[in-house]
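The structure appears below as structure tokens.
Only a predicted model underlies this, so the values are computations on that prediction, with no experimental measurement involved.
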Amino acid sequence: MLEKHGFSQTDDIADADLIILNTCSVRAKATDKVYSALGRIRRAKKESALLGIVGCVARESGADAFRRIPELNFVLGPQSYHKLPEIIKTPDTKLLNIDLGGLEKFDELPKMEKSPLVAYIPIQEGCNHCCTYCIVPYTRGRELSRPFDDVIKDTINAAKTGAIEICFLGQNVNGYKYTDENGKLYKLSDLIKEAAKLSEIQRIRFTSSYPTEMSDDLIEMFGVEPKLLPFLNMPIQSGSPNILKKMNRPDDLDAYKTIVQKLKQVRPDIQISSDFIVGFPGESDEDFEQTLNIAREIKYINSYSFKYSPRPHTAAALMPNQISEQIKSVRLQRLDLQLNENQREFNMACIGKEMVCLMEGTDKTGHNIVFRTPYMQQCIVEKPSVEITPLQKIKITDANKSCLRGEIIK
Ligand code: SAH
């Protein structure tokens, strides 16, 4: 969009004519980082340079952002990116747009002319689930699914312009539902089926999923579609039904485990990852032990763990029995020990296996190439003397907690 206005990318803040911070407000730390970065940038930038924030912190802060950082020229919420060129036309004004319009931005943003190897394709915006800790329903609004044909058009465009892997994106991605003019309903499984027909596309994945939206048609896809990677992020957040209830999350652990079993039945090599929150208001030692237990039992890999962070506009921020920072830190450490152990165990079990991996780039030394396995592990391979293609069959030769080593199989 900006290239059309004559812009190109620079790594040098002092040289930039336009500076955009794309922001996340899901935890307080992310929001704080935005304001400390803005403090640094406003001193480093040229006086004439336009400065702005886009995304969820913009939506959350609104006009207040201009008060905190007077140098800001624009504040655009996650559904107003397409309004950005307006500030180039009228640089002397302040541009504020934090509306939760809907899906207009997708019609207005220009098509990618060259895609990265991994193309992230938004299929749905917003979330109706209202987990009590989560700011997303406030920053991104109610759930909206993009028309099936539009998503497929973007997918074809990505495939024709260089993508090998497609990652379908949404705040509640497996809740994707679109009904066309004739009343025909399309689901995420339909998008996967259609994308898999494209010969250029070799790997398909999606994020982030809500457990009870894992419908049978979607589970089935893992059994019949080899391009769908055998790896699924399906956050449980906590192992305590008591805390899950307070989080307004699905609290039936047996139902969750049944979904995992069904997935393993159709795809025995599948691995599951999760997000976890420790120190949610009222979380007792016993509740936390249940989280450790479930992490051990499901043997989650590649997971994310966070200390609970009270967020504006959320119910949990007002709940009694908030947990101290100190307890949160200890619990996070203990959970990470378990998650690291799971990861190490899985990585070690990969030694000797052959996997088709996607090239990501060279490492810092320049002597190695970094690949991503089908489980999103990093795999480091010594740079071969001959030219190689982005997708390679690799034999895993070594592993530790954080990555794998391997050799390209000719
Ligand atoms: N479905 C969302 C999830 C984004 S947030 C989306 O894709 O937009 C990612 C993870 O952050 C959540 O799964 C949760 O584990 C964590 N998270 C969300 N709100 C949080 C809070 N208030 N404190 C700590 N962690 C939080």
Side-chain angles (χ1 to χ4, degrees), residues 1-110 122 125-127 133-142 171 306-318 322 325:
M1 192 167 65
L2 290 169
E3 274 170 0
K4 294 216 159 88
H5 292 267
F7 286 82
S8 62
Q9 209 173 318
T10 173
D11 293 329
D12 182 4
I13 288 180
D15 187 37
D17 298 306
L18 176 68
I19 301 164
I20 310 166
L21 259 76
N22 189 18
T23 64
C24 171
S25 66
V26 94
R27 283 172 295 279
K29 202 167 160 189
T31 300
D32 296 345
K33 276 187 186 166
V34 173
Y35 282 97
S36 58
L38 282 171
R40 275 196 311 278
I41 293 167
R42 67 176 170 182
R43 285 189 294 273
K45 76 178 190 74
K46 288 198 286 213
E47 203 181 321
S48 62
L50 295 169
L51 173 64
I53 54 175
V54 302
C56 290
V57 174
R59 156 88 181 144
E60 190 200 336
S61 304
D64 194 46
F66 293 118
R67 191 189 52 75
R68 290 181 69 172
I69 310 284
E71 290 86 347
L72 276 176
N73 302 91
F74 56 96
V75 173
L76 293 174
Q79 280 158 28
S80 330
Y81 296 144
H82 56 291
K83 307 271 185 202
L84 188 57
E86 285 178 19
I87 197 67
I88 302 163
K89 286 177 214 142
T90 50
D92 295 330
T93 56
K94 300 258 177 201
L95 176 64
L96 172 72
N97 191 319
I98 54 167
D99 299 345
L100 294 180
L103 299 170
E104 303 88 49
K105 72 172 174 206
F106 293 110
D107 298 327
E108 307 219 8
L109 293 171
E125 283 273 323
C127 188
Y133 52 79
C134 189
I135 196 173
V136 165
Y138 174 77
T139 52
R140 314 296 291 247
R142 307 302 279 173
Q171 276 90 47
F306 311 102
K307 290 186 218 176
Y308 167 70
S309 163
R311 307 303 294 128
H313 318 285
T314 63
L318 305 173
Q322 299 279 329
E325 260 318 289

Give every donor-acceptor pair under 3.5 Å between a side-chain atom in residues 46-53 and any protein atom, sequence neighbours left out.
unit_1	atom_1	unit_2	atom_2	d
Lys46	NZ	Asp15	O	3.4
Lys46	NZ	Asp17	OD1	2.7

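- Thr23 contributes atom OG1, which lies 7.5 Å from atom CG of Leu21 (distance to the nearest 0.5 angstrom).
- In this structure, Leu76 and Ser80 approach most closely via the heavy-atom pair CD1-O, 3.8 Å.
- For the atom pair Ile13 CD1 and Arg40 CZ, the distance stands at 7.5 Å (nearest 0.5 Å).
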- Query: Is there a side-chain contact (heavy atoms from CB on, under 4.5 Å) between Leu72 and Phe66 once you walk through the steps?
  - Reply: CA-CA 6 Å; Leu72 276 176; Phe66 293 118; 3.9 Å; yes

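- Contacts of Glu71 classified as side-chain hydrogen bond (donor to acceptor under 3.5 Å, both in side chains), with partners at least two apart in sequence or in another chain: Arg42.
- Pairing each heavy atom of Ala58 with each of Ile98, the nearest pair is O-CG2, 3.4 Å.
- In plain terms, the two heavy atoms of Lys94 and Pro70 that are nearest each other are NZ-O, 2.7 Å.
- If you take CD on Glu108 and CG on Leu103, they are separated by 12.0 Å, rounding to the nearest 0.5 Å.
- For the pair Ile87/Thr93, a side-chain contact is recorded, criterion being any heavy-atom separation below 4.5 Å from C-beta on.
- The main-chain N or O of Val57 is found under 3.5 Å from a side-chain atom of Ser61 such that the two form a donor-acceptor pair.
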- Where do Asp107 and His82 land on the side-chain contact (heavy atoms from CB on, under 4.5 Å) test, with the steps shown first? CA-CA 9 Å; Asp107 298 327; His82 56 291; over 6 Å; no

- Task: Run the numbers on Glu325 and Lys307 for side-chain contact (heavy atoms from CB on, under 4.5 Å), then give the verdict.
- Result: CA-CA 8 Å; Glu325 260 318 289; Lys307 290 186 218 176; 3.3 Å; yes

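- Under the side chain to side chain contact (heavy atoms under 4.5 Å, CB included) criterion, Cys56 pairs with Ser25, Pro78, Thr139, Arg140, sequence neighbours left out.
- Using a 4.5 Å heavy-atom threshold, the side chains of Arg311 and Thr31 count as touching.
- Residues Phe106 and Glu125 have side chains in contact (heavy-atom distance under 4.5 Å, counting atoms from C-beta outward).
- Looking at Phe74 and Ile20, their side chains come closer than 4.5 Å, going by heavy atoms from C-beta outward.
- With rounding to the nearest 0.5 angstrom, the CE atom of Met1 is 11.0 Å from the NZ atom of Lys105.
- Taken to the nearest 0.5 Å, the CD1 atom of Ile19 stands 9.5 Å off from the CG atom of Asn73.
- Looking at heavy atoms from C-beta onward, Arg59 lies in side-chain contact with Tyr138 at the 4.5 angstrom threshold.
- Of all the heavy atoms in Ala65 and Tyr35, the pair that sits closest is CB-OH, 3.6 Å.
- Remark: His5 NE2 to Lys89 NZ distance equals 6.0 Å, nearest 0.5 Å.
- Using a 4.0 Å cut-off between charged nitrogen and carboxylate oxygen, Asp64 and Arg67 count as a salt-bridge pair.
- Annotation for Ala316 and Gln322: closest pair O-NE2, 2.9 Å, computed over non-hydrogen atoms.
- In terms of heavy-atom proximity, Glu60 sits nearest to Pro312 at OE2-CG, 3.0 Å.
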- Kindly indicate, with the supporting measurements, whether the criterion side-chain contact (heavy atoms from CB on, under 4.5 Å) is fulfilled by Leu2 and Ile88. CA-CA 9 Å; Leu2 290 169; Ile88 302 163; 3.6 Å; yes

